[in-house]
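For reference, the structure discussed in these notes is given below.
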Number of protein chains: 2
Amino acid sequence: MKKSTVPAADDRLPLYQRVRDDMLARISSGEWQTTAAIPTEGELTKHYGVAMGTLRKAIDTLVADGMLERSQGRGTFIRRPSFDASLFRFFRHQMRGGKHQVPRSRILNRTLTTPPVAVAAALHLLKKSQAIRIDRLRLVDDKPVLLEEIWLPQTEFAALMKIAPADFPDLLYPLYETLCGKVIASAEETLTVDSAGSHDAELMGIQAGQPVVVIERLALGFDRHPLEWCRSRGPAEDFRYQVEIR
Amino acid sequence: MKKSTVPAADDRLPLYQRVRDDMLARISSGEWQTTAAIPTEGELTKHYGVAMGTLRKAIDTLVADGMLERSQGRGTFIRRPSFDASLFRFFRHQMRGGKHQVPRSRILNRTLTTPPVAVAAALHLLKKSQAIRIDRLRLVDDKPVLLEEIWLPQTEFAALMKIAPADFPDLLYPLYETLCGKVIASAEETLTVDSAGSHDAELMGIQAGQPVVVIERLALGFDRHPLEWCRSRGPAEDFRYQVEIR
DNA sequence: TAGTGGTCTAGACCACCGC
DNA sequence: CGGTGGTCTAGACCACTAC
C-alpha cells in the first residue's frame, strides 16, 4: 500500500476526514487564494496519496458545508457566503424594480474601548482587552431600517482605526477581507423582539415604545473562531423572515 | 453493459438521480413503511441494476435532504423531521429542569368551511372546495404561548372530522399520519410582527395592541405537495429564534 | 456470527469550459 | 483542443448491531 502523506492528526479518523481537515486548514490560513481555483482533483490525489473517490468525498463535505464551490470544466473555488443576501431575507421594502438594493450605510461612531462582558465572552477576548466599536445606521430609500452596533477584536482589526469613518463602504465584510485579511465564513443569529428606546426611536424615525426586531449576530471565520459581534435593531413593522424546516 | 432496470423518466438524467427519484416516489407513496428499514444496499443495487457507488450517491442525496437516516449495522430508515423541536426554536420559557416540554393543546373550534383565497391557493385547492379549520391554543405551564389557526384539505383529512375535539392529542402530526396516512416531511415558515387584536389578546392573556409574532407555515409531504396551512400568533415578549447562516 | 452500512481503491468514460 | 469536474463501475475490507 502506498504511504499516505495525509497529516495524521488522529489515525482513527477516516482518511477523507483527515483530508478534509487539512484542506480546511489551508482555506482558513489563506494558503489558498479566494480568487483562484484550488488545486485540481488530480493534483490533490497525488499530494495526499489517496484515491479519487476519497478525495471527492472530502471535497463533497466541504461543498455541503458551504466552504467550497465546484464548477464543472473550470475548477473548485473557495466560497464566500453572500451576507448581503442574508440581510434581504429579513426585511421587506428593499426591492426597486424587482431588484434588491444594498442598504446605504451612515457611520455614526467609531471608538476603541472595553466591550461589555457578554461581547468579550462571545468574541473570546481576554479580560480588559480593547475592542473596536462601530455604530452605524442602514438606510433603504433614505429610510432608516437598521441600527447596528458592531464589535471587533482590536488585535485583528486594528487597520480599521486608520481610515476615516466617512470612507467606510456600505458593505463591511469585503473591507474586513481586503484591509485585515479576515474572511467571514458563517454566522449565528438570534432574533428577538423588543420595544424602542427614545434614542433609538429617534434615529429610526419611529415612536419610542414601538416594537423593534433585535438581531444578534456572531460572525465566524472558516476555522469557526469568532471575528465580529453585531447587534442590529430595526422597526418590527418592516420585518419579515423566511425559513425552510426539514 | 448490463441493462438498467431504473425507471427511465428521462434518459438524460444521471443514473443516481433517476434512482433517487424512484426511491423518493416509494417513500411518498407509502410503499416503504416508516417504521421498518428500507431494503439493504445490496438488494437495491440488484433491483436497480446499478453499482454500489451509484446507489450510495442516490441515498446520500436523500439523507442530505432529510428524507432518510442511515444507522450503521441496523439499516436505512425513513426520517420524520421532529417538528416539536422546531417549535422550541421559537420560544423561550419552555424548559423545566433542563428538559423541553411539549406545549399542551386546547382545541377551541373545529369546522368544515370555505377557506380564504390565500389559504386555498397555498393548499392548491379548487375553487369553492371545503377545508377543515382547527383553532387551538397552546400552553406551557398553563400559560398561553401560541394561538393557532390550522387549515387542512377536506378530501385528505376527512377522518379528523370524526373524532371529538376533546380527544385531539397535543401533537397533530402523528395524528395526521395514523388517522389520515399523511406524513409531513418539510415546511416553509414566514415570520412577521403584528400587534394583538382584542380577541387574540384576551386568549393569550396580554393587552390589546401589544406586539405578537406571526408564524405562517405551509407544511408539505415527501412529494412536496402542500398538506397543511397554519398561522400561529404568540406574544413577542416570549419569542426567540436562532439561525445559522452559511 | 451474520448482516448491515462505512470507508477506500483504481480505474473508465462523459460533459463542460476556455483557449 | 486539453483540462476540468461529473458520473459510474466492481470490487475490497472495516466497524457496528443484533441475535
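All chains are named by letter (A, B, ...) in the order of the sequence lines, taking the proteins before the strands, and each is independently numbered beginning at 1.
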*Return the 5'-most residue of the pair S71(B), R74(A) with respect to DNA chain D, ranking by each residue's nearest nucleotide.*
R74(A)
*With the side chain of A51(A) defined as its heavy atoms from C-beta on, choose the nearest nucleotide among dA10(C), dT17(D), dC8(D).*
dA10(C)
*Going through the distances and angles, do R70(B) and R56(B) end up as a side chain to side chain contact (heavy atoms under 4.5 Å, CB included)?*
CA-CA 11 Å; R70(B) 318 169 100 128; R56(B) 291 188 70 90; 3.6 Å; yes
*Taking the side chain of Q72(A) as its heavy atoms from C-beta onward, which of dG5(C), dT9(D), dA15(C) lies nearest to it?*
dA15(C)
*asked:* Tell me the interatomic distance from R20(B), atom CZ, to dC8(D), atom P, rounded to whole angstroms.
replied: 14 Å
*Looking at DNA chain C, which of residues 59-68 of chain B put a heavy atom within less than 4.0 Å of it?*
none
*asked:* With nearest nucleotide decided by heavy atoms, which residue, Y16(A) or G73(B), maps closer to the 5′ end of DNA chain C?
replied: G73(B)
*Nearest-Å distance for atom pair CG/C1', residues L55(B) and dA10(D)*: 14 Å
*Mind running a 4.0 Å heavy-atom check of residues 26-44 of chain B against DNA chain D and sending the residues that fall below it, in number order?*
none
Contacts table for residues 218-226 of chain B: side-chain donor-acceptor under 3.5 angstrom, sequence neighbours left out:
residue, atom, partner, partner atom, Å
D223(B), OD1, H225(B), N, 3.2
R224(B), NH2, E244(A), OE2, 3.3

*asked:* Let's go through I27(A) and V183(A) carefully: what are the C-alpha distance in whole Å and the side-chain angles of both, what is the deciding distance for side chain to side chain contact (heavy atoms under 4.5 Å, CB included) to 0.1 Å, and is it a yes or a no?
replied: CA-CA 10 Å; I27(A) 295 170; V183(A) 180; over 6 Å; no
*Test T34(B) against E177(B) for side-chain hydrogen bond (donor to acceptor under 3.5 Å, both in side chains), laying out the working first.*
CA-CA 10 Å; T34(B) 54; E177(B) 191 175 342; 3.2 Å; yes
*Side chain of T54(A): nearest nucleotide among dC8(D), dT9(C), dC17(C)?*
dT9(C)
*Does a donor on one side chain sit under 3.5 Å from an acceptor on the other, for D22(A) and Y48(A)?*
yes
*asked:* Measure CG/L15(A) against C1'/dA10(C) and give the value in whole Å, please.
replied: 15 Å
*Value in whole Å for how far the P atom of dC8(C) lies from CE of M52(B)*: 16 Å
*Side chain of T76(B) only, please: which of dT7(D), dA10(C), dG5(C) is the nearest?*
dG5(C)
*asked:* In terms of relative ring orientation, are Y176(A) and Y173(A) parallel, tilted or perpendicular, with 30° and 60° separating the classes?
replied: tilted
*asked:* Let's go through S105(B) and R136(B) carefully: what are the C-alpha distance in whole Å and the side-chain angles of both, what is the deciding distance for side-chain hydrogen bond (donor to acceptor under 3.5 Å, both in side chains) to 0.1 Å, and is it a yes or a no?
replied: CA-CA 7 Å; S105(B) 298; R136(B) 63 174 187 164; 3.0 Å; yes
*Gap between atoms NZ and C1', on K57(A) and dG5(D) respectively (whole Å)*: 19 Å
_Worked verdict on L227(A) versus E156(A) for side chain to side chain contact (heavy atoms under 4.5 Å, CB included)_ = CA-CA 8 Å; L227(A) 290 173; E156(A) 307 183 83; 4.0 Å; yes
*asked:* Within a 6.0 Å radius of atom CZ on R106(B), are there more than 12 heavy atoms belonging to other residues, nucleotides or ligands?
replied: no
*When the distance from OH of Y48(A) to C1' of dC8(C) is rounded to whole Å, what number comes out?*
17 Å
*Calculate the interatomic distance between K46(A) atom NZ and dA10(C) atom P; express it in whole Å.*
14 Å
*Could you please spell out the steps behind the side chain to side chain contact (heavy atoms under 4.5 Å, CB included) verdict for K182(A) and F157(A)?*
CA-CA 8 Å; K182(A) 300 290 173 191; F157(A) 289 90; 3.9 Å; yes
*Looking at R70(A), does any N or O in its side chain come under 4.0 Å of the phosphate oxygens OP1/OP2 on dG6(D)?*
yes
*Provide, to the nearest angstrom, the distance between the CZ atom belonging to R56(A) and the P atom belonging to dG6(D).*
5 Å
*If you check the V50(B) side chain, which of dC8(C), dT9(D), dG6(C) turns out closest?*
dT9(D)
